[in-house]
2 protein chains.
Amino acid sequence: MIERTETSETPATGCCSPSLAPRIDAATAHALSDDLGILAHPIRLQILDLLAQHNGQVCVCDLEAALPVKQPTVSHHLRLLRAAGMIDCERRGLWAYYFVRRPALEALRTRLLAQFDALR
Amino acid sequence: MIERTETSETPATGCCSPSLAPRIDAATAHALSDDLGILAHPIRLQILDLLAQHNGQVCVCDLEAALPVKQPTVSHHLRLLRAAGMIDCERRGLWAYYFVRRPALEALRTRLLAQFDALR
DNA sequence: CGCCTATATTGACATTCTTCGATATAGCTG
DNA sequence: CAGCTATATCGAAGAATGTCAATATAGGCG
C-alpha cells in the first residue's frame, strides 16, 4: 500500500482515494441482499406471479401443476417466501390458499427503487 | 389429483384451478433471477454504491480498503458484476478503474419495475 | 533487465442452496 | 375409527457460492 496522508489533497502518489466509504452500511446492504436473494430464483418469481394473478385462490397443488418441480420443493419455496413476509396463506379445510402480501411487496419495491436511485 | 373437466365452471370438487399458468415464462424468470442473484450480495451492493459515488475513479485497492473482504474476493465480485454487464473497467497503468454501466443498471431497473408492476 | 506493485486467476475448503424421496401431520369423509 | 388427500417436514445428496492463501500476470521504475 502506498503511503499517503489523509489530509493531503494530492490525487495520489499511487491510486487510492482517501478512505472511501460506502453510503450503504453493511446492515442495510445485508438486509436488502437477503430480500433480493429471495426474489432471485425463477421458481419463486413464478410463484409470486401466479399468486398475484389469482389472488387468494391458489393452493399448493395448483402451483405444483404449474411448475416444473415436485410438491416438497414447492412447499419449500413457499416457506421461504412466507418467512420473508412476501406471501401468506390461509388454510381452508385440507387446502392451503396462498396469496401475496401486497404491502410487503410494495415496501420492498420502494426500498429497491431507493437503492437504484442512490446509484443514480 | 382430483378429477375435473377443463370446460366445467365448477369452482372445484377439490381445490385446483383449471391449469393455471405463470405469465412469466421460465426463460424470463431465469434471466431476471440471474440478475437479481448478482445484486443479492451485500458486498456487491456496496461495490455498486461505491462505484456510483465516485464514478470512474475507483480502483481495486480503494474497494479493498473500504470493504471487509480481501483483494481476491473483491476481484471475484468485480468479475461477476462485470460479467453481468453492470460495471466495466478501464486500465490506466497499473491500476484498474471501475465504474458502473448506467445504461445497464437503468435497463435492469426498468425490468424490475415492470415485474413488480405485474405483481400489482 | 530485475524488482516492485496492482490486479487477476487458481485451487482448496466451507457454507449455503436446491431438490426430492420418504414420512409426518392434519383435516375430510364414510 | 379407518382410510384418503393436501400439505409440511425431514434427511440426504448434489450443485452452487463465497472466501482466501498462493501464485500468475502485467505494467511501471530504476
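Numbers restart at 1 for each chain; the letters A, B, ... are given by sequence-line order, proteins then strands. For the numbers below, each heavy atom of this structure counts, side chains included, while hydrogens, waters and symmetry mates do not.
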Run the side chain to side chain contact (heavy atoms under 4.5 Å, CB included) check on A:Val58 and A:Ile47 step by step: do they pass? CA-CA 10 Å; A:Val58 187; A:Ile47 288 177; over 6 Å; no
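- The side chain to side chain contact (heavy atoms under 4.5 Å, CB included) test applied to B:Arg102 returns A:Arg120, B:Ala52, B:Asn55, B:Val100, not counting sequence neighbours.
- Per the geometry, CZ belonging to A:Arg82 stands 8 Å off P belonging to D:dT9, to the nearest Å.
- Applying the 4.0 Å criterion to OP1 and OP2 of D:dC20, one finds that B:Thr73 has a side-chain N or O inside that range.
- Among the nucleotides D:dT5, C:dT9, D:dT7, the one closest to any side-chain atom of B:Ser75 is C:dT9.
- Computed from coordinates, the A:Asp34 CG to C:dT16 C1' distance equals 12 Å when rounded to whole Å.
- Residue A:Leu80 contributes atom CG, which lies 7 Å from atom P of C:dT18 at whole-angstrom precision.
- Between B:His41 atom NE2 and C:dT15 atom C1' there is a gap of 12 Å when expressed in whole angstrom units.
- Side chain of B:Thr110 to backbone of B:Glu106: a donor-acceptor contact under 3.5 angstrom is found.
- No single ILVMFWY cluster, assembled from side-chain heavy atoms under 4.5 Å apart, contains both A:Phe99 and A:Ile38.
- In the set D:dT7, D:dC10, D:dC20, D:dT7 carries the atom at the smallest distance from any side-chain atom of A:Cys59.
- A cation-pi geometry, defined here as NZ or CZ lying under 6.0 Å from the six-membered ring centre and within 45° of its normal, does not hold between A:Arg109 and B:Phe116.
- Using a 4.0 Å cut-off between charged side-chain N and carboxylate O, B:Arg101 and B:Asp88 make no salt bridge.
- When the side chains of ILVMFWY residues are joined at heavy-atom separations under 4.5 Å, either directly or via intervening members, B:Leu80 and B:Ile43 end up in a single hydrophobic cluster.
- Sorted by residue number, the list of members of residues 45-52 of chain A with any non-hydrogen atom under 4.0 Å from DNA chain C is empty.
- The CD-P distance, from B:Glu64 to C:dA6, rounds to 10 Å in whole Å.
- Ranked by how close their nearest DNA chain D nucleotide is to the 5' end, A:Cys89 and B:Arg44 are led by A:Cys89.
- Checking C:dT9, D:dG18, C:dA8 against every side-chain atom of B:Val60, the shortest atom distance belongs to C:dA8.
- For C:dA6, the OP1/OP2 oxygens have no side-chain nitrogen or oxygen of B:Tyr98 closer than 4.0 Å.
- As a whole-Å value, the separation of A:Lys70 NZ from D:dT7 P is 16 Å.
- For the pair B:Gln71 and A:Arg91, both in contact range of DNA chain C, the more 5′-proximal nearest nucleotide belongs to B:Gln71.
- As judged by a 4.0 angstrom heavy-atom cut-off over every strand, B:His76 is placed among the base-contacting residues.
- Spacing between atom CZ of A:Arg79 and atom P of C:dA24 amounts to 17 Å, rounded to whole angstrom units.
- The side chain of B:Val69 has D:dT19 as its nearest neighbour among C:dC20, D:dA6, D:dT19.
- With rounding to the nearest 0.5 Å, the separation of NE2 in B:His41 from CG in A:Leu36 is 12.5 Å.
- At whole-Å resolution of the value, CD in B:Glu90 and C1' in C:dT7 are 15 Å apart.
- Listed pair B:His77 / D:dT19 meets the phosphate criterion, a side-chain N or O lying under 4.0 Å from OP1 or OP2.
- Mapped onto DNA chain C by nearest heavy atom, A:Leu94 and A:Ile43 fall at different nucleotides, with A:Ile43 at the one closer to the 5' end.
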